[in-house]
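Each remark here refers to the structure printed beneath this line.
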Amino acid sequence: MDYDAIVTQALALLQREQRLAYRVLKLRLQLDDDLLEALKDDLIYAKKLAVEEEGRVLVWTGGTSSAPTTASPMPPPAPLDISPAQGEAAPIAPPTPEAERRQLTVLFCDLVDSTVLASQLDPEDLREVVRAYQEACAKVIARFEGHIAQYLGDGLLVYFGYPWRTKMTPSGPCGPGWGWWRP
């Protein structure tokens with residue numbers, strides 16, 4: 001599995017579960033020590049999407065968390081300097097957080113006839129087939145600036161236009177569908 005696919009899978013796991021032990025990451029993604037260190041550096045320091053807890057756990061700090069936040073994302077308003085000659089100041093509305101409206105395209109894809117395939121293959125062989133399929137999909141999705149939101153058995157839930165804005169038109173994400181058919 002290439003590094004981009006590992007990052008995509010790690011982000012999906014971490015975002016879904018919110019907290020992951022490093023040993024669990026190593027087992028689930030089959031990482032060696034060097035890959036785990038590179039992943040930690042990438043998520044904690046470069047992308048700032050996670051923090052380390054007690055040197056053993058990776059904790060999600062990125063968006064779309066279901067966990068309650070204890071700190072407000074907006075800075076507290078600055079104290080007002082009012083001289084006695086000015087009297088009372090008009091109330092100041094807090095600044096609105098930055099938001100943007102964008103086109104989001106959602107794609108779900110899965111392996112055709114996987115139920116039939118599952119009845120014909122040994123579970124370990126089926127797992128390898130599904131992994132190869134997911135890796136091939138991840139490469140095509142990355143090429144079209146997609147984000148794998150979730151792995152669902154032999155299926156993938158993919159977002160285009162999230163978490164990063166793309167310059168692609170709304171029909172542009174149809175490209176990955178054609179990308180799987182190209183030899």
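Sequence positions, counted from 1, serve as the residue numbers for this chain. None of the values given here were measured: they were computed from a predicted structure.
A donor-acceptor pair is defined here as one N or O able to donate and one able to accept, closer than 3.5 Å; such a pair exists between the side chain of Q18 and the backbone of Q15. When atom types are taken as modelled, the side chain of Y133 and the backbone of D110 share a donor-acceptor pair closer than 3.5 angstrom. Distance alone, capped at 3.5 Å, places no donor-acceptor pair between the E53 side chain and the A21 backbone.
L20 and L27 fall into different hydrophobic clusters, where Ile, Leu, Val, Met, Phe, Trp and Tyr residues are linked whenever their side-chain heavy atoms come under 4.5 Å apart, directly or through other members. A continuous path of ILVMFWY side-chain contacts below 4.5 Å connects I44 to L31, so both sit in one hydrophobic cluster. Hydrophobic clustering, with ILVMFWY side chains joined whenever heavy atoms are under 4.5 angstrom apart, groups L107 together with V140. L11 and V24 fall within a single hydrophobic cluster, where Ile, Leu, Val, Met, Phe, Trp and Tyr side chains are chained together by heavy-atom contacts under 4.5 Å. Both L49 and L25 are members of a single hydrophobic cluster when ILVMFWY side chains are connected at heavy-atom separations under 4.5 Å.
Residues V112 and L117 fail the side-chain proximity criterion, which asks for heavy atoms closer than 4.5 Å. Counting heavy atoms from C-beta on, the side chains of L111 and V129 come closer than 4.5 Å. Side-chain contact check for L13 versus L29: some heavy-atom pair is nearer than 4.5 Å.
One finds the CD1 atom of I6 at 8.5 Å from the CD atom of E135 (value rounded to the nearest 0.5 Å). In this structure, D4 CG and R143 CZ are separated by 13.0 Å, a value rounded to the nearest 0.5 Å. Atom CD1 of I141 is separated from atom NZ of K139 by 12.5 Å, given to the nearest 0.5 angstrom. Annotation: the span from R23 atom CZ to L36 atom CG amounts to 12.0 Å, rounded to 0.5 Å. The distance from the CZ atom of F108 to the CG atom of L152 is 5.5 Å, given to the nearest 0.5 Å. Atom CD of residue Q134 and atom CG of residue D154 lie 8.0 Å apart, to the nearest 0.5 angstrom.
The two atoms that bring A50 and L14 nearest to each other are CB-CD2, 3.8 Å, heavy atoms only. Counting all heavy atoms, side chain and backbone alike, R16 lies closest to R28 at NH2-NH2, 3.7 Å. Of all heavy-atom pairs spanning A12 and A149, the tightest one is CB-O, 3.8 Å. When all heavy atoms of I148 and L156 are compared, the closest pair comes out as CD1-CD2, 3.6 Å. Nearest approach of A118 to L126, heavy atoms of both residues: CB-CD2, 3.5 Å.
For the salt bridge (Lys or Arg N to Asp or Glu O under 4.0 Å) condition, no pair includes a residue of residues 114-128, sequence neighbours left out.
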**OP:** Apply side chain to side chain contact (heavy atoms under 4.5 Å, CB included) to the pair L58 and L39, showing each step before the final yes or no.
**Re:** CA-CA 10 Å; L58 198 58; L39 184 65; 5.6 Å; no
Original post:
Between T8 and Y151, does a side chain to side chain contact (heavy atoms under 4.5 Å, CB included) hold up when you go through it step by step?
Top reply: CA-CA 10 Å; T8 301; Y151 288 90; 4.2 Å; yes
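Surrounding OH of Y22 are more than 12 heavy atoms belonging to other residues, nucleotides or ligands, all under 6.0 Å away.
The pair D33-K26 meets the salt-bridge criterion, since a charged nitrogen lies less than 4.0 angstrom from a carboxylate oxygen.
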